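As the structure is a prediction and not an experimental result, all values here were calculated from the model.
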Amino acid sequence: MASDERPTDPPRTDSDSDPEERSTGVENPRDADALARIAERNPSRLGVGRAGPRPRTDALLAFRSDHGVARDAVLSDVDEAFVEELGLVGIRSRVDNTDEFLARPDRGRDISDDTADYLRERCELGPQVQIVVADGLSSTAVETNVPELLPVLRDGLADRGLDVGTPVFVEYGRVDVMDAIGEELDAECCVVLIGERPGLATAESLSAYLVYGPERGASTAKKSVVSNIHAGGLPPIEAGAELVDLIEEMCEKERSGIDLREDDREFVAE
């Protein structure tokens, strides 16, 4: 007995769709070329389209993958071998574990008395520039960018005649841990290279915060910053050169942050 069921077409897949639709996920865009250019040049999730009220499968899978990478960057630790290879003096903030680090930012901003004593034993005292590397919220950013950035920074500062102290690595470090370290080592200025909170576009973004006359409790307004350091933003080698110029200027003018306003800086017209 013949079946009463009628044959149906196979389900439509992305590979069967129009090339312009497939490239952006949007059906019948008014200007497909413009949409494709915008989506290609912008790291945001533009033109991903939808399947009914839901995201398309490829967009959802990409989102979950990027979210997993971001979580890994926050929850993973910088390898001890990495710290040793770069010749950094390794310490830990007042934080004991990852959960505490995420719940108690204040403990990541300071070091214990024992750690301060250890630093004074292992590090140069009274340097003009103290370099600190901290994992922050992305160990991935640190391990990806610091190997290129740190040598450029150290060599560039030495070429400018600036005394660079013993570089330090801080596990579970927040930005303001630079104040505590700089104060304990009596540094003229301090720079911390720290992993920034990862987003869904990249987990590799590093920032450099700088302060003249570091001391605990210093206002954030006293700090200068160079951010978005990674291959898709400001490349680490270029960031190193920019930081050298900024640190030299900070030492000459003996100030940083809003006290070192762009309007007061000297630029040479090309």
Side-chain angles (χ1 to χ4, degrees), residues 40-43 69-70 72-73 76-90 124 127-170 173 175 177-178 181-182 187-199 201-212 223-253 256-257 260 262 265-270:
E40 181 180 355
R41 297 177 183 178
N42 195 308
V69 170
D72 287 345
S76 60
D77 299 324
V78 172
D79 196 324
E80 291 183 7
F82 172 88
V83 177
E84 294 176 0
E85 289 173 6
L86 291 182
L88 307 175
V89 175
E124 176 186 342
Q128 285 180 284
V129 184
Q130 176 61 50
I131 298 175
V132 177
V133 179
D135 47 9
L137 290 171
S138 178
S139 59
T140 302
V142 171
E143 293 185 343
T144 301
N145 298 290
V146 171
E148 282 189 281
L149 194 160
L150 185 59
V152 174
L153 180 58
R154 297 181 68 178
D155 293 346
L157 292 172
D159 288 343
R160 304 291 176 90
L162 295 172
D163 174 39
V164 181
T166 310
V168 173
F169 171 76
V170 185
V175 171
V177 76
M178 67 190 296
I181 294 172
E188 182 177 343
C189 69
C190 191
V191 53
V192 60
L193 310 175
I194 189 168
E196 288 285 17
R197 180 181 291 105
T202 181
E204 297 182 355
S205 186
L206 188 82
S207 284
Y209 291 83
L210 311 94
V211 65
Y212 185 86
K223 294 181 175 67
S224 300
V225 62
V226 175
S227 60
N228 200 36
I229 301 171
H230 61 96
L234 178 63
I237 292 178
E238 293 183 23
E242 184 172 329
L243 288 171
V244 169
D245 289 339
L246 183 55
I247 292 171
E248 182 181 40
E249 185 175 10
M250 285 169 48
C251 291
E252 289 177 352
K253 297 186 176 181
S256 57
L260 188 69
E262 290 288 342
R265 297 180 65 184
E266 297 178 0
F267 293 91
V268 179
E270 297 182 357

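- In terms of the salt bridge (Lys or Arg N to Asp or Glu O under 4.0 Å) criterion, Glu196 has no residue partners (sequence neighbours excluded).
- Between the OG1 atom in Thr166 and the CD atom in Glu124 there is a gap of 6.0 Å [rounded to 0.5 Å].
- Side chains of Val133 and Pro167 form no contact here, defined as non-hydrogen atoms less than 4.5 Å apart.
- Pairing each heavy atom of Gln130 with each of Ala187, the nearest pair is CB-CB, 3.7 Å.
- The heavy-atom pair separating Arg154 from Leu86 by the smallest distance is NH1-O, 4.3 Å.
- Taking the side chain as every heavy atom from C-beta outward, Leu153 and Val129 never approach each other to under 4.5 Å.
- Ala241 and Val152 make their closest contact through N-CG1, 3.8 Å (heavy atoms, listed as atom of the first residue, atom of the second, distance).
- Between atom CE of residue Met178 and atom CG of residue Leu193 there is a gap of 9.5 Å, rounded to the nearest 0.5 Å.
- Between Phe169 and Asp135, the closest heavy-atom pair is CE1-N, 4.0 Å.
- Residue Pro236 comes nearest to Asn145 through the heavy atom pair CB-O, 3.8 Å, listed as atom of the first residue, atom of the second, then distance.
- Inter-residue side-chain proximity for Cys189 and Leu210 is flagged as unmet; no heavy-atom pair is nearer than 4.5 Å.
- The salt bridge (Lys or Arg N to Asp or Glu O under 4.0 Å) contacts involving residues 159-170 comprise Arg160-Asp245, Arg160-Glu248, where partners must be two or more places apart or lie in separate chains.
- Judged as a side-chain hydrogen bond (donor to acceptor under 3.5 Å, both in side chains), and not counting sequence neighbours, the contacts of Asn228 are His230.
- Atom CD1 of residue Ile229 and atom CG of residue Leu243 lie 5.5 Å apart, to the nearest 0.5 angstrom.
- Contact of the Val142 side chain with the Phe82 side chain is registered, since non-hydrogen atoms from C-beta on lie closer than 4.5 Å.
- The shortest side-chain heavy-atom distance between Ser224 and Leu246 falls under the 4.5 Å cut-off.
- To the nearest 0.5 Å, atom CD1 of residue Ile194 and atom OG of residue Ser205 are 11.5 Å apart.
- One finds the CD atom of Glu85 at 8.0 Å from the CG atom of Asp79 (value rounded to the nearest 0.5 Å).
- In this structure, the side chain of Ser256 engages the main chain of Tyr212 through a donor-acceptor pair within 3.5 Å.
- Here Leu260 contributes atom CG and Glu249 contributes atom CD; the two are 4.5 Å apart, rounded to the nearest 0.5 Å.
- Screening Val89, Val192, Val175, Val191 for a side-chain contact (heavy atoms from CB on, under 4.5 Å) involving Val132 leaves a single residue, Val192.
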